Amino acid sequence: MWVVIVVILVLALIACLCYILILKRDLKEILRADRMKQVFLTNISHEIRVPLKAVLGLSNIISKEDLYLSKNEKHNISDQMNYNANLIGTLINEVMIFTDVNEGGQQLRIESFSPNELCRRCLEANMYSIYHRQDVKLNFKRELNDEFFVNNDRHLIELILNKLILMSCRFTEEGEILVGCNTSEHTDSLTIYVADTGGGIPENRKKNMYTWFDNPEDMNDEAELDLSICQRVAQKLGGVLLLDDKYARRGTRMMLILPLKH
């Protein structure tokens, strides 16, 4: 009789210990997720303030009644305001994507579009990023026919491409930022790439480029956050974001590889 009671008590104790370990693991995961959201929101808050401040400054300039502006100056201010407004929109979309990816997400909005047109539109939207850098050129390499169309979520692909171009603009002081797309690099896939002549990604960071979602405490800079989000979105699209290890030039070449859907 006593043996049975002891066995029951031991089993009950083991069950309690297992339950405590499960609760401890769940609590650790909750705290990690909370930390990740805090870091993300802090980063986004900082990023939004920069273009918002620029828009406010430009609006104050054009509101002066006694100010005369030439046609070129008006065009320049308009370009700056459009660029910063688009940047704010991209950052807001990033918040939505971040929430969408982490909470299961909504269904993809599949539509037919031209990859060439998408690349050109993203380049044009980010042209002001290098406006004050005369030694940097934003170029598009045409490898596909303009009549070539693919089916995928254009909005999400545009978000990834905008982030990659912005990062290249941030770290490239001279040379070229080249955007292009093709179907020849990877079988049955569309490859959209952004290549630059910047400083490149340090060797000690390459292994941890997309691990921010696993270790937010170890994030060194916002570029890792951007790449982590881009990778998550790429996976949502059924694709992958890769660093081109065979890129022979100085700098970085990132590839967004997506399956061709019919």
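Owing to the predicted nature of the structure, the values given are computational and were not obtained by experimental measurement.
Counting all heavy atoms, side chain and backbone alike, Thr191 lies closest to Met255 at CG2-CB, 4.1 Å. The shortest non-hydrogen separation linking Ile160 to Ala234 is CD1-N, 3.7 Å. Heavy-atom minimum distance, Leu190 versus Thr183: CD1-CG2, 4.3 Å. Of all heavy-atom pairs spanning Leu178 and Phe140, the tightest one is CD1-C, 4.2 Å. Between Leu138 and Cys169 the shortest heavy-atom distance is CD2-SG, 4.3 Å. For the pair Cys122 and Glu158, the tightest heavy-atom approach, listed with the atom from each and the gap, is SG-CG, 3.6 Å.
Listed by first and then second residue, the salt bridge (charged side-chain N to carboxylate O under 4.0 Å, His left out) pairs involving residues 184-202 are Glu185-Arg253 (not counting sequence neighbours).
Ion pairing of Arg154 with Glu111 is present here, as a side-chain N (NZ or NE/NH1/NH2) and a carboxylate O approach within less than 4.0 Å.
Annotation: the span from Leu256 atom CG to Leu241 atom CG amounts to 6.5 Å, rounded to 0.5 Å. Going from atom CZ of Phe171 over to atom OG1 of Thr252 covers 9.5 Å, rounded to the nearest 0.5 Å.
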Go through Asn139 and Val179 one step at a time and tell me if the side chain to side chain contact (heavy atoms under 4.5 Å, CB included) criterion holds. CA-CA 6 Å; Asn139 293 320; Val179 176; over 6 Å; no

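For Glu143, the side chain to side chain donor-acceptor pair (under 3.5 Å) partners at least two apart in sequence or on another chain are Asn182, Tyr193. A search for side chain to side chain contact (heavy atoms under 4.5 Å, CB included) contacts involving Ser112 returns Phe149, Asn151, not counting sequence neighbours.
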